[in-house]
Amino acid sequence: MEKDHTKILAAILIMSSVMFGFFLSRSRWSARLPEPELHPAVMVEVKGDIPKPGIYALDSATATVAAAATMAGCPWQIPAAVAPQKLVSGQSLEILSRKTEITIKFGRMPGAALLAAGLKLD
């Protein structure tokens, strides 16, 4: 009877060690996973002489005038002085074509557009 009792205690000890090792190995792997780098979206309104005017969500790391114009389907080359300019949420771009000259006017999105994009009003 005492041998059975010893075998049961040994089995419990072995099972406990195996379970402890399993959970310990899982916690080590999950702790090593890198957290993804999140970039908040930049909400910008693009309008004017372009095929697809509207409100666009751009990645904050790549939110430039050139990226917004490309998303809106702008068929013209954006001037090099303006193309790399960073954008902020709530900004409005009006892209106008006058013969061979491209004009870009910067402004603020109207209140209704800000609310539709989930942005705060001033």
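If you read the sequence from its start, that first residue is 1, and numbering goes on from there. These numbers come from a predicted model, not from an experiment.
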*Shortest non-hydrogen contact from P110 to E45?*
CD-OE1, 3.4 Å
*asked:* Applying salt bridge (charged side-chain N to carboxylate O under 4.0 Å, His left out) as the test, list every pair that has at least one member in residues 100-111; sequence neighbours left out.
replied: R108-D122
_Qualifying residues under side-chain contact (heavy atoms from CB on, under 4.5 Å), relative to A67, sequence neighbours excluded_ = T64
*If you link I, L, V, M, F, W and Y whenever their side-chain heavy atoms are under 4.5 Å apart, who else ends up in the same group as M71?*
V42, V44, V46, I50, Y56, L58, V65, W76, I78, V82, L87, L93, I95, I102, I104, F106
*asked:* I'd like to know if the side chain of D49 reaches the main chain of L96, judged simply by a donor and an acceptor atom lying under 3.5 Å from each other, with no hydrogens or angles considered.
replied: no
*Quick one: salt bridge (charged side-chain N to carboxylate O under 4.0 Å, His left out) pairs with a partner in residues 75-86, sequence neighbours left out?*
none
In a table with atom names and distances, give each donor-acceptor pair under 3.5 Å that connects a side chain of residues 9-17 to protein atoms at least two apart or in another chain.
{"from": "S16", "atom 1": "OG", "to": "I12", "atom 2": "O", "distance (Å)": "2.8"}
{"from": "S17", "atom 1": "OG", "to": "L13", "atom 2": "O", "distance (Å)": "3.0"}

*Give the minimum heavy-atom separation between G48 and E94, together with the two atoms involved.*
CA-CG, 4.2 Å
Donor-acceptor pairs under 3.5 Å, side chain of residues 113-121 to any protein atom, not counting sequence neighbours: which ones?
none

*P51 to P75 - nearest heavy-atom pair and separation*: CD-CD, 4.0 Å
